[in-house]
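Before any comments, here is the structure.
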Amino acid sequence: MGNRRRVAERRKTKPAVVGGMIAVVVVGAGVGVYALYGAGAAADDRTQNTSSAADQKPKVKTGPLSAAEVTSTATTFLTSWQQGRVTAAAAATSDTAAATALLTGYTKDAHITGVTLTPGTRTGGKVPFSVKATVTYKGLTKPLAYGSSLTVVRNTSTGKPQVHWASSVVHPDLKDGDTLVTGESGTPPIKAVDRDGGELTAAKYPSLGTVLDGLREKYGKKAGGKAGIELRVVRGKSSGSAKAEDSDKTLVELSKGTPGTVKTTLNPALQAAAERQVTTQAQSSVVVLRPSTGEILAVANAGHGFNTAFQGSLAPGSTMKVVTSSLLIEKDLASADKAHPCPKYFTYGGWKFQNDDKFEIKGGTFKASFARSCNTAFISQAGKLDNDSLTKQAQQVFGLSMDNWAIGVPSFDGAVPVQSAAQKAASLIGQGGVRMNPLNMASVSATIESGTFKQPYLVSPTVDGRTLATASRTMSAGTLAQLRELMAYTAGYGTAAEAMSGVYGNVGAKTGSAEVDGQKKPNGWFTAYRGDLAAAGVAQAGGHGGDTAGPIVAALLKMGG
C-alpha cells in the first residue's frame with residue numbers, strides 16, 4: 001500500500017495530483033490540511049517505547065478515534081480502491097474477504113473503470129464521498145456518478161482504526177449479499193399500463209416505483225420484450241426475505257431493450273387521486289379494491305422506498321374487530337342488537353385492558369360497542385374462545401394469513417398466529433401478534449361488502465395462469481347481515497362518522513388505532529366500503545384512524561361506487 005510517512009509539517013500549498021493518482025484533502029478538528037499521494041501518506045499514531053522490555057506486550061489502543069485516524073484510514077481505503085489495489089483497500093476494512101469479493105466484482109463483473117473518489121467533510125467517524133466512473137461493456141459506455149459514505153471504527157482486538165465494512169460502502173443501493181453486474185439485463189423491460197391502456201410510470205405515479213420493479217421481475221420474460229444492456233444490483237439471498245421483497249435494480253442503462261406490455265387493473269383516476277391523498281398525511285398508505293372481482297384499483301404510499309400498502313406488516317388495531325366480530329357472532333357470543341358488556345377495564349391472562357379514555361357503556365348493545373370501538377367488549381370474550389379460533393376465522397372466511405396470495409407483485413397477506421393468554425386477548429383487538437397492511441384490510445371490507453373473499457390482484461391471473469387464493473367457507477347470511485349493520489352504523493353514528501360524512505349509498509366503515517412501543521402516537525387505521533369499492537389506509541404515528549387515515553379513504557370512496 002506504499003510507504004507510510006509521518007506528515008512532518010503543515011503544507012502551505014494546495015495538494016496536487018501526482019502521477020495520475022489522487023490527492024485527497026481533508027480538514028478535521030485538530031488536524032491540519034494534508035495531502036495523500038499514491039497509496040496515501042497517513043498520520044502515524046504509533047509511539048516509540050525505548051525503555052520497555054523486549055517481551056512486553058504492546059498496549060491495545062482504546063477510546064474514541066482521533067480525526068487523524070479517521071482521515072488516514074478513509075484515505076488509505078479510498079486511494080487503494082481508486083487505484084484498483086483491491087487487496088490494500090480490503091485490508092483497511094473490518095471484513096477483508098467480503099470487501100475483496102465486492103471490490104473485485106466492481107471491476108470484473110460490473111465493468112466499472114476510471115474510478116475517481118472524492119471525500120467530503122468528515123463528521124465524527126463518518127466520511128462521505130462521491131464516485132465518478134465509467135461503465136463499459138462490449139463497446140458501449142455510460143458515465144456513472146453517485147454518492148456514498150464509509151464509517152471508520154476501532155478494532156477492539158488490535159486497537160487499530162478500520163473501515164466498518166458493509167456492501168453499501170461500494171454503492172448505497174447494495175445490501176449485504178448483493179452484487180453489481182453489467183450485461184444483458186436478466187429481465188427484459190416492460191411497459192405497464194392501466195386498465196384503460198394508459199402507460200404507468202414512476203414519474204407520473206411516484207408510488208408505483210416498487211410496483212413497476214415487481215411487475216418487471218415477474219412478467220418481463222413473459223411479456224415478449226427483449227433485454228437491454230445495463231448495470232444493475234442483483235439481489236442476494238441474504239438481502240431480502242423468503243418472499244423476495246426486493247427486486248433487482250437498474251442503475252445505468254447502456255442500451256434500451258424492447259419492452260413487453262403488462263396490463264394492470266389500476267384505475268388511472270383513482271390512482272392519481274390516491275397519490276394526492278397520501279401527501280396529506282405523513283407515512284400514510286392506501287389501497288382501493290373492487291369487491292365484486294378483487295381487482296386492485298389504486299395503491300399509494302407517502303414514502304416511495306417501501307410499499308407499505310402491499311408489503312407492510314403492522315398491527316391493525318381495532319379494524320381487526322371486523323374479523324373478530326364475525327367470529328363472535330358465528331359462535332353466538334355476540335349479536336348486533338343484544339346487550340353486551342363494555343366495562344372500563346377487563347383483566348385477562350394477567351393483563352389489565354382498558355378502553356380509550358377509560359370509557360364504559362352501561363347497558364349497551366354489541367352494535368354500540370362496535371361503533372365506539374370498545375376494547376373490553378371483545379377482550380371479555382377471550383376465555384370463551386379456543387387459542388386458534390381467530391386464526392381459523394381469518395384463514396377460512398377472509399383468506400388471510402395463509403401465505404398464498406398471488407397478486408402479481410410481492411405482497412404480504414397478513415398474519416394471525418395462534419396465541420394464548422393475554423396475547424390471545426390482545427389479538428382480538430388487532431394487537432398481540434396480528435399483522436396486516438392496507439391491502440389486507442381493504443380485502444376485509446371487500447369481503448363484507450361482497451359476502452365472499454376474492455383474492456385481490458393487480459394483474460389478471462389469465463396473463464400467466466396463476467391460481468388465486470380462496471377461502472374455504474363463507475359466513476352465514478345472518479352473520480353477514482349483522483356485520484354490514486355494524487359497519488353501516490359505525491359509518492353513520494360511530495367513530496367513522498366524521499370521516500364518512502358525505503359518503504352516501506351502501507356504506508360501512510371501521511376505525512382503528514394501534515399502539516406501537518416507543519411511538520408517541522398510535523398508527524391510525526381506517527377500512528370502509530361504498531358500493532363496489534372497498535378501501536383501507538394507515539397513517540403511521542398519525543393518531544386515531546378516524547382523523548388520519550379516514551379522510552384519505554373516504555375521499556377515494558366518494559369517487560365511485
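We number each residue from 1, following the sequence as shown.
No more than 12 heavy atoms of other residues, nucleotides or ligands sit less than 6.0 Å from atom NZ of K204. Heavy-atom contacts from other residues, nucleotides or ligands closer than 6.0 Å to CD of E498 number 12 or fewer.
Here the CD1 atom belonging to I552 is positioned 12.0 Å from the CG atom belonging to L557, to the nearest 0.5 angstrom. Rounded to the nearest 0.5 angstrom, L333 CG and S325 OG are separated by 11.5 Å. Between the CG atom in L390 and the CG atom in L385 there is a gap of 8.0 Å [rounded to 0.5 Å]. Atom CG of residue L556 and atom CD of residue Q271 lie 9.5 Å apart, to the nearest 0.5 angstrom. If you take CD on Q419 and CG on L428, they are separated by 10.0 Å, rounding to the nearest 0.5 Å. Distance CZ/R232 to OG1/T187: 7.5 Å, rounded to 0.5 Å.
R530 places a side-chain N or O within donor-acceptor distance of the main-chain N or O of K558, the cut-off being under 3.5 Å. Between the side chain of N437 and the backbone N or O of S313, no donor-acceptor pair lies under 3.5 Å. Although no hydrogens or angles enter the test, the distance criterion places no donor-acceptor pair under 3.5 Å between the side chain of D337 and the main chain of K367. Checking side-chain atoms of D194 against main-chain N and O of G197 turns up a donor-acceptor pair under 3.5 Å. Side chain of N267 to backbone of A269: a donor-acceptor contact under 3.5 angstrom is found. Remark: the backbone N or O of K126 is not paired with any side-chain donor or acceptor of T123 at under 3.5 angstrom. Remark: the backbone N or O of V323 is not paired with any side-chain donor or acceptor of Q393 at under 3.5 angstrom. Of the possible polar contacts, none joining the N387 side chain to the S420 backbone as a donor-acceptor pair under 3.5 Å is found. Side-chain N or O atoms of R195 include one that pairs as donor or acceptor with a backbone N or O of T265 at under 3.5 Å. With hydrogens and angles ignored, the 3.5 Å screen pairs a side-chain donor or acceptor of D176 with a backbone N or O of S167.
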Carefully, step by step, assess Q482 and S335 under the rule side chain to side chain donor-acceptor pair (under 3.5 Å). CA-CA 7 Å; Q482 288 194 59; S335 182; 3.3 Å; yes
Show the numbers, then the answer: is there a side chain to side chain contact (heavy atoms under 4.5 Å, CB included) between H304 and S207? CA-CA 5 Å; H304 306 139; S207 292; 3.9 Å; yes
Go through the steps to decide whether S472 and Q396 satisfy the test side chain to side chain donor-acceptor pair (under 3.5 Å), and finish with yes or no. CA-CA 5 Å; S472 60; Q396 295 173 2; 4.7 Å; no
Would you sort out whether L400 and M436 count as a side chain to side chain contact (heavy atoms under 4.5 Å, CB included), showing the intermediate values? CA-CA 9 Å; L400 296 165; M436 297 287 164; 3.8 Å; yes
Just do the side chain to side chain contact (heavy atoms under 4.5 Å, CB included) check on R473 and V397 with the steps written out, would you? CA-CA 6 Å; R473 63 184 179 86; V397 177; 3.5 Å; yes
Before giving the answer on side chain to side chain contact (heavy atoms under 4.5 Å, CB included), spell out for K331 and S389 the whole-Å C-alpha distance, their side-chain angles and the decisive distance to 0.1 Å. CA-CA 10 Å; K331 291 188 174 294; S389 292; 4.0 Å; yes
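K424 is listed as a side-chain neighbour of Y348, based on a closest heavy-atom distance under 4.5 Å. Side-chain contact between N301 and T210 is absent, with no heavy atoms from C-beta onward closer than 4.5 Å. With contacts defined as side-chain heavy-atom distances shorter than 4.5 Å, the pair I407/Q455 qualifies. Residues V322 and M487 meet the side-chain proximity criterion, which asks for heavy atoms closer than 4.5 Å. Counting only heavy atoms from C-beta outward, the side chains of S380 and F353 never approach each other to under 4.5 Å. Taking the side chain as every heavy atom from C-beta outward, W525 and L314 approach each other to under 4.5 Å. Between P438 and V286 the shortest side-chain heavy-atom distance does not fall below 4.5 Å. Proximity of P291 to I448: side-chain heavy atoms (C-beta onward) are nowhere separated by under 4.5 Å.
Scanning all heavy atoms of the two residues, the minimum distance from K218 to G408 falls at CD-O, 3.3 Å. Nearest heavy-atom pair across M475 and L480 is CE-CD1, 3.8 Å. D403 approaches D413 most closely through the heavy-atom pair N-OD2, 2.8 Å. Of all non-hydrogen atoms in A315 and Q431, the two that sit nearest each other are CB-NE2, 4.1 Å. Residues I190 and G220 approach most closely at CG2-CA, 3.6 Å, considering heavy atoms. For the residue pair A334 and H340, the shortest heavy atom distance occurs at CB-CE1, 3.8 Å.
For the residue pair K321 and S373, a side-chain donor N or O sits within less than 3.5 Å of a side-chain acceptor on the partner.
A salt bridge links R216 with E230: the closest approach of a Lys/Arg side-chain nitrogen to an acidic carboxylate oxygen falls below 4.0 angstrom. Checked for salt-bridge contact, R235 and E217 miss the test: no charged N lies under 4.0 Å from a carboxylate O.
Partner of T527 under the side chain to side chain contact (heavy atoms under 4.5 Å, CB included) criterion, chosen from V553, N440, T319: T319. Of the candidates L439, V299, L533, L439 is the only one forming a side chain to side chain contact (heavy atoms under 4.5 Å, CB included) with L289.
Taking the centre and axis of the six-membered ring of F412, the NZ or CZ atom of R435 falls outside the cone set by 45° and 6.0 Å. The side-chain tip of K338 does not point at the ring of F366 from less than 6.0 angstrom away and within 45° of straight on.
Within the structure, ring pair (Phe, Tyr, Trp, His ring centres under 6.0 Å) pairs that include any residue of residues 449-485 comprise W405-F453 (at least two apart or interchain). A ring pair (Phe, Tyr, Trp, His ring centres under 6.0 Å) check over residues 492-517, counting only residues at least two apart or in different chains, returns the pairs Y489-Y493.
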